[in-house]
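Reading through the structure tokens given below for one structure.
Note that the coordinates shown come from a computational prediction; the quantities given were computed from them, not determined experimentally.
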Amino acid sequence: MFAILSLLDTESEVRVFDLWRTLESTCGFERNHVTTIPHISWQVAESYNVDEVKRVLERLAKASKPFTIQTAGIGMFTGNTPVLYLDVVMNEKLDQFHRYVWQAGVPFAHGISELYQPDAWVPHITLSYGEITPGNIGCALEGLAFQSLRMSIQIQNVALASQEDDLTGKIHQVYPFSV
């Protein structure tokens with residue numbers, strides 16, 4: 001699996017790591033290999049033409065300026081493998097950047113996830129993937145519900161990442177935005 005994503009600024013990354021540690025220590029979550037680096041995903045695919053998508057991401061980063069996103073609390077994708085996440089507030093700049101990334105990556109993607117297409121995408125920062133059970137969901141929600149989870153996050157890069165099976169994810173390349 002591959003993803004086009006943005007790594008969080010240092011302050012926000014530290015905050016997300018703190019939330020992960022809280023879920024680990026209070027609810028017994030175990031860090032899994034899917035969510036080892038705090039990020040926001042723009043597009044996910046089974047594979048990419050890596051050389052081509054790297055060239056596209058480099059051009060995209062050179063044409064982009066840093067922008068700020070806001071979190072507003074927690075959310076959950078339900079189903080067989082619930083995902084607990086920080087809810088990112090949609091705004092025009094976020095929507096425009098996502099559409100730009102989507103269009104840039106599609107020609108080089110194979111087995112693209114339709115969950116990330118512009119009309120279906122829910123911007124979020126994953127707190128837990130594959131760790132929620134009926135026995136610990138209450139702990140997780142109770143532990144987070146009474147915290148302020150509002151953050152201003154500076155998006156200042158785009159990156160290509162991959163993960164194979166249960167192995168730890170790998171960042172192939174990070175492209176900083178123009179300043």
Side-chain angles (χ1 to χ4, degrees), residues 1-17 20 30-69 71 75 77 79-88 90-131 153-179:
M1 177 178 73
F2 281 78
I4 298 173
L5 52 85
S6 288
L7 304 176
L8 305 186
D9 62 68
T10 303
E11 184 179 331
S12 301
E13 179 182 69
V14 167
R15 178 72 173 122
V16 171
F17 278 132
W20 287 352
E30 295 181 21
R31 280 283 21 99
N32 62 47
H33 298 290
V34 174
T35 54
T36 56
I37 301 167
H39 67 277
I40 183 167
S41 298
W42 307 108
Q43 188 177 79
V44 174
E46 289 175 18
S47 65
Y48 285 98
N49 178 326
V50 173
D51 292 336
E52 290 297 323
V53 84
K54 282 183 174 181
R55 280 192 274 281
V56 166
L57 294 179
E58 183 175 21
R59 285 194 303 269
L60 187 148
K62 286 180 181 177
S64 298
K65 302 275 187 237
F67 63 95
T68 302
I69 61 173
T71 60
F77 298 124
N80 290 336
T81 307
V83 177
L84 183 66
Y85 60 84
L86 288 174
D87 184 39
V88 174
M90 181 61 83
N91 64 41
E92 186 176 337
K93 179 64 180 168
L94 178 64
D95 185 50
Q96 286 175 349
F97 185 74
H98 176 252
R99 288 176 187 277
Y100 186 38
V101 172
W102 179 264
Q103 291 169 356
V106 164
F108 309 107
H110 308 283
I112 200 161
S113 172
E114 296 299 322
L115 296 174
Y116 291 84
Q117 69 180 319
D119 293 333
W121 181 62
V122 176
H124 66 281
I125 298 165
T126 301
L127 296 176
S128 171
Y129 176 87
E131 299 160 314
I153 300 170
Q154 189 76 4
I155 300 298
Q156 48 200 3
N157 63 68
V158 65
L160 180 65
S162 68
Q163 181 190 11
E164 294 182 34
D165 302 320
D166 289 335
L167 301 175
T168 300
K170 173 184 173 185
I171 302 294
H172 291 266
Q173 187 74 43
V174 178
Y175 302 94
F177 291 171
S178 299
V179 180

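The shortest side-chain heavy-atom distance between Leu94 and His98 does not fall under the 4.5 Å cut-off. In this structure, Trp102 and Ile112 have side chains that are in contact, with non-hydrogen atoms separated by less than 4.5 Å. Side-chain contact between Val50 and Phe108 is absent, with no heavy-atom pair separated by less than 4.5 Å. In this structure, Ile4 and Tyr48 have side chains that are in contact, with non-hydrogen atoms separated by less than 4.5 Å.
With sequence neighbours excluded, the residues that form a salt bridge (charged side-chain N to carboxylate O under 4.0 Å, His left out) with Arg99 are Asp95, Asp119. Every ring pair (Phe, Tyr, Trp, His ring centres under 6.0 Å) that Tyr85 has, sequence neighbours left out, goes to Phe77, His124. Looking at residues two or more places apart in sequence or on another chain, you find no ring pair (Phe, Tyr, Trp, His ring centres under 6.0 Å) involving Tyr175. With sequence neighbours excluded, no residue forms a salt bridge (charged side-chain N to carboxylate O under 4.0 Å, His left out) with Glu46. Applying the side-chain hydrogen bond (donor to acceptor under 3.5 Å, both in side chains) rule to Asp87 yields no partners; only residues at least two apart in sequence or on another chain are considered. Applying the side-chain hydrogen bond (donor to acceptor under 3.5 Å, both in side chains) criterion to Arg55, with sequence neighbours excluded, gives Glu52. Shown here are the side-chain hydrogen bond (donor to acceptor under 3.5 Å, both in side chains) partners of Thr71, two or more places apart in sequence or in another chain: there are none. Under the side-chain hydrogen bond (donor to acceptor under 3.5 Å, both in side chains) criterion, Thr81 pairs with no residue at all, not counting sequence neighbours. Partners of Lys62 according to the salt bridge (charged side-chain N to carboxylate O under 4.0 Å, His left out) rule, which considers only residues two or more places apart in sequence or in another chain, are Glu58. Listed by chain and number, the residues in a ring pair (Phe, Tyr, Trp, His ring centres under 6.0 Å) with Phe2 are His172 (sequence neighbours excluded). Every residue meeting the side chain to side chain contact (heavy atoms under 4.5 Å, CB included) condition with Asp9, not counting sequence neighbours, appears here in chain and number order: Glu11, Ser12, Ile153, Gln154, Gln156. Under the salt bridge (charged side-chain N to carboxylate O under 4.0 Å, His left out) criterion, Glu13 pairs with no residue, sequence neighbours left out.
Atom CD of residue Glu131 and atom CH2 of residue Trp20 lie 9.5 Å apart, to the nearest 0.5 angstrom. Going from atom CD1 of Ile40 over to atom CD1 of Ile69 covers 4.0 Å, rounded to the nearest 0.5 Å. The CG atom of Asn91 sits 9.0 Å away from the CD atom of Gln96 when rounded to the nearest 0.5 Å. Note that OG of Ser162 is 6.0 Å distant from NZ of Lys170, once rounded to the nearest 0.5 Å. With rounding to the nearest 0.5 angstrom, the CD1 atom of Ile155 is 6.0 Å from the CG atom of Leu8.
Pairing each heavy atom of Ser178 with each of Ala63, the nearest pair is OG-N, 4.4 Å. The two residues Val56 and Ala104 make their nearest non-hydrogen contact at CG1-CB, 3.4 Å. Taking every heavy atom of both residues into account, Phe177 and Ser64 meet most closely at CB-O, 3.3 Å.
Glu114 CD: more than 12 foreign heavy atoms inside a 6.0 Å radius.
Aromatic ring centroids of Phe97 and Trp42 lie under 6.0 Å apart.
No side-chain donor-acceptor contact under 3.5 Å links Ser41 to the backbone of Leu5.
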